[in-house]
S.K.: 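Structure incoming, see below.
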Amino acid sequence: MIKSKKQGILIIISAPSGAGKGSIIKEMCEQNENLWVSISATTRNPRPNDQDGVTYYFLSKEEFEEKLKENYFLEYTSYAGNYYGTPKKQIQEHLDQGQDVILEIEIEGAMNVKKRVPEALCVFIMPPSLKELKRRLENRGTDTKEKILERFKIAYKEMNEVTKYNYVVINDDIKVAADKIISIIKAEKCRVDRIEEVFLKNEEEYMHELLMEDKEFINEPMNLNE
Ligand code: 5GP
């Protein structure tokens, strides 16, 4: 009786560096095959776990700036001294196929996307505490002390902007946090503004039968097309 939009949902997930966003998104993708995670381009150096074309497209500063001129990105930002950008074309293709697309981006980029795509769903992941966040950043063992401090300062600033998002999820357990975001996406799919068409035409005959059985309505037939 209801036809909902076929287009997938654009989901923006932000979190301070070290809040566990990557692990949560991985868990979500294992639970839900309809999710597609956008691959950003960056000029930062790859970490040991990074794979070009899988975790990021690693570009030189010149290559990135060339793509900027070509209007290749939906949004881009400069974060901790490096460029990061979201390629536009693939996102639209996946949304049109009905897949839900995740953008794993920081707050400035998130707000820029929200301006261009107001129906995007914005979720912020918080660490359980600042102490825990610092411990996770240090344990990662991939950044220098200065870089960790820089990321920690950005994280602190970002957490103050949580109210700009639609939802907040605290990551004290990866599975629980992933379940919560999957539930948020399910709820989003039920919103009435995702309805494209309500068609009760096929139900008319049945409705007439019901009305005929009901004596009170016989003298006063209802116009079903009203
Ligand atoms: P990392 O260097 O730890 O992989 O990422 C640093 C920050 O940049 C994270 O908050 C991450 O979500 C964000 N980020 C990654 N890709 C993009 C992007 O394409 N655009 C924006 N605005 N932020 C991004």
Side-chain angles (χ1 to χ4, degrees), residues 4-15 17 19-125 158 164-167 169 177-178 181-182 184-189 191 193-194 196:
S4 292
K5 284 180 192 159
K6 183 181 166 264
Q7 267 237 338
I9 295 175
L10 185 62
I11 306 145
I12 301 171
I13 302 189
S14 303
S17 203
K21 180 177 50 179
S23 313
I24 293 174
I25 292 175
K26 191 162 167 268
E27 172 69 31
M28 285 168 60
C29 291
E30 280 165 17
Q31 279 187 41
N32 185 335
E33 284 177 3
N34 197 40
L35 290 174
W36 182 76
V37 184
S38 161
I39 305 166
S40 292
T42 183
T43 57
R44 83 146 160 74
N45 290 328
R47 297 188 188 122
N49 287 340
D50 278 321
Q51 248 182 298
D52 194 21
V54 178
T55 48
Y56 280 107
Y57 297 110
F58 291 95
L59 304 181
S60 66
K61 194 165 169 272
E62 292 71 30
E63 286 169 328
F64 195 100
E65 286 172 349
E66 200 49 47
K67 295 222 178 277
L68 271 182
K69 281 192 215 143
E70 293 163 14
N71 198 18
Y72 177 79
F73 298 112
L74 175 65
E75 63 74 41
Y76 80 99
T77 196
S78 175
Y79 180 99
N82 289 297
Y83 280 134
Y84 293 80
T86 307
K88 200 163 34 180
K89 192 164 160 266
Q90 282 176 320
I91 293 176
Q92 197 54 51
E93 286 169 359
H94 284 270
L95 288 174
D96 289 345
Q97 285 162 17
Q99 275 195 300
D100 299 323
V101 170
I102 296 189
L103 305 185
E104 222 185 306
I105 60 178
E106 53 68 64
I107 191 156
E108 191 193 322
M111 293 307 121
N112 284 335
V113 174
K114 189 80 182 164
K115 268 187 227 145
R116 295 180 73 171
V117 190
E119 68 275 18
L121 176 68
C122 296
V123 180
F124 194 88
I125 299 172
E158 283 179 337
K164 291 184 174 162
Y165 285 70
N166 303 112
Y167 293 92
V169 170
I181 304 179
I182 296 272
I184 292 168
I185 297 171
K186 281 185 190 157
E188 193 68 16
K189 297 246 172 200
R191 288 177 65 113
D193 46 17
R194 280 190 59 80
E196 212 162 70

S.K.: I'd like to check Lys114 versus Cys122 (side-chain heavy atoms, cut-off strictly below 4.5 Å). Are they in contact?
M.R.: yes
S.K.: Atom CD in Glu188, atom CG in Leu10: separation rounded to 0.5 Å?
M.R.: 11.0 Å
S.K.: Residues two or more places apart in sequence or in another chain: which of them pass ring pair (Phe, Tyr, Trp, His ring centres under 6.0 Å) with Tyr76?
M.R.: none
S.K.: If you measure from CZ on Phe58 to CZ on Arg44, what distance do you get to the nearest 0.5 Å?
M.R.: 5.0 Å
S.K.: Restricting to salt bridge (charged side-chain N to carboxylate O under 4.0 Å, His left out), what partner residues turn up for Lys186, sequence neighbours left out?
M.R.: none
S.K.: Under 3.5 Å, side-chain donor or acceptor atoms of residues 32-41 against the rest of the protein: list the pairs with distances, not counting sequence neighbours.
M.R.:
unit_1, atom_1, unit_2, atom_2, d
Asn32, OD1, Asn34, N, 2.8
Asn34, ND2, Gly98, O, 3.2

S.K.: If every non-hydrogen atom of Gly85 is compared with every non-hydrogen atom of Phe73, which pair is closest and at what distance?
M.R.: C-CD2, 3.5 Å
S.K.: Tell me, do Ile9 and Arg194 make a side-chain contact under 4.5 Å, heavy atoms counted?
M.R.: yes
S.K.: Would you mind writing out the side-chain donor-acceptor pairs for residues 62-72 within the sub-3.5 Å range, not counting sequence neighbours?
M.R.:
unit_1, atom_1, unit_2, atom_2, d
Glu63, OE1, Ser60, N, 2.8
Glu63, OE1, Ser60, OG, 3.3
Glu65, OE2, Tyr83, OH, 2.9

S.K.: To the closest 0.5 Å, what do you measure between NE2 (His94) and CD (Gln90)?
M.R.: 5.5 Å
S.K.: Might you confirm whether atom CZ of Arg47 has over 12 heavy atoms from other residues, nucleotides or ligands at distances under 6.0 Å?
M.R.: yes
S.K.: Evaluate the criterion side-chain contact (heavy atoms from CB on, under 4.5 Å) for residue pair Asp193 and Glu119; output intermediate values, then yes/no.
M.R.: CA-CA 10 Å; Asp193 46 17; Glu119 68 275 18; over 6 Å; no
S.K.: Is Ile102 close to Lys21 at the side-chain level, that is, under 4.5 Å between some pair of heavy atoms?
M.R.: no
S.K.: Who are the salt bridge (charged side-chain N to carboxylate O under 4.0 Å, His left out) partners of Glu30, not counting sequence neighbours?
M.R.: Lys26
S.K.: For a quick test of reading the model, state the closest non-hydrogen atom pair linking Ala178 to Glu27 and the distance between them.
M.R.: CB-CG, 3.3 Å
S.K.: Roughly how far apart are Thr86 OG1 and Ile91 CD1, rounded to 0.5 Å?
M.R.: 5.5 Å
S.K.: Report the C-alpha separation of Ile12 and Val117 in whole Å, then their side-chain angles, then the decisive distance to 0.1 Å, and conclude whether the side-chain contact (heavy atoms from CB on, under 4.5 Å) test is met.
M.R.: CA-CA 11 Å; Ile12 301 171; Val117 190; over 6 Å; no
S.K.: Nearest 0.5 angstrom please: Gln97 CD to Leu95 CG, how far?
M.R.: 9.5 Å
S.K.: According to salt bridge (charged side-chain N to carboxylate O under 4.0 Å, His left out), who are the partners of Lys5, at least two apart in sequence or on a separate chain?
M.R.: none
S.K.: Looking only at the side chains, is there a donor atom on one of Asp50 and Thr55 sitting less than 3.5 Å from an acceptor on the other?
M.R.: yes
S.K.: Under the criterion side-chain contact (heavy atoms from CB on, under 4.5 Å), I'd like the reasoning laid out for Leu121 against Asp100: C-alpha separation, chi angles, the key distance, then a yes or no.
M.R.: CA-CA 11 Å; Leu121 176 68; Asp100 299 323; over 6 Å; no
S.K.: First locate atom NZ of Lys115, then atom CD of Glu75, and finally report the distance between them rounded to the nearest 0.5 Å.
M.R.: 11.5 Å
S.K.: May I have the step-by-step check of side-chain contact (heavy atoms from CB on, under 4.5 Å) for Glu106 and Met111, ending in yes or no?
M.R.: CA-CA 9 Å; Glu106 53 68 64; Met111 293 307 121; over 6 Å; no
S.K.: So do the side chains of Leu103 and Val113 get within less than 4.5 Å of each other, counting heavy atoms only?
M.R.: yes
S.K.: I want to check something: taking the side chain as every heavy atom from C-beta on, are Ile125 and Ile181 in contact at a cut-off of under 4.5 Å?
M.R.: yes
